Amino acid sequence: MTLHKLGKDPESPEGKSPTVYYDDRTDSYILQGWRVLDAERLRQMDIPEHETVIEFPKRMMQFFPEVNGGSTDA
């Protein structure tokens, strides 16, 4: 398995998050973002015990190959 870093949030104050990765073994994306802790928002979702929820800014969609017309090859 190789994770390919596709992009980091250029507006992140510390330059650490959010980040988009592509996993070439599972052919899926892994998203690093801000943990959602707001109880009201979480109540509106049905989240299984083995899952978590992150917030991911819309501006980060540019890093998905399906959006930018590129490939997942970093």
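Below, all heavy atoms of this structure are taken into account, side chains as well, without hydrogens, waters or symmetry copies. All values derive from a computational prediction rather than experimental measurement. Residue numbers run from 1 in the order of the sequence given.
Leu6 contributes atom CG, which lies 9.5 Å from atom CE of Met60 (distance to the nearest 0.5 angstrom). Note that CG of Asp9 is 4.0 Å distant from CZ of Arg59, once rounded to the nearest 0.5 Å. One finds the CE atom of Met45 at 11.5 Å from the CD atom of Glu51 (value rounded to the nearest 0.5 Å). Asp24 CG to Leu3 CG: the interatomic distance, rounded to the nearest 0.5 Å, is 8.0 Å. Atoms CD1 and NZ, on Ile30 and Lys5 in that order, are 13.5 Å from each other to the nearest 0.5 Å.
By the 4.5 Å heavy-atom criterion applied to side chains, Pro57 and Trp34 are counted as neighbours.
Contact between Val20 and Phe56 at its shortest, heavy atoms only, is CG2-CZ, 3.2 Å. When all heavy atoms are compared, the tightest approach of Lys8 to Thr19 is NZ-OG1, 2.9 Å. The two residues His4 and Thr2 come nearest to each other via the heavy atoms CD2-O, 3.5 Å.
A donor-acceptor distance shorter than 3.5 angstrom exists from the side chain of Ser12 to the backbone of Ser17, with no hydrogens or angles considered.
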Between Leu42 and Val36, is the side chain to side chain contact (heavy atoms under 4.5 Å, CB included) condition met? List the steps. CA-CA 7 Å; Leu42 292 170; Val36 176; 3.8 Å; yes
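Ring centers of Tyr29 and Tyr21: at least 6.0 Å apart, outside the cut-off.
Using a 4.0 Å cut-off between a side-chain N of Lys or Arg and a carboxylate O of Asp or Glu, Glu55 and Arg35 do not qualify as a salt bridge.
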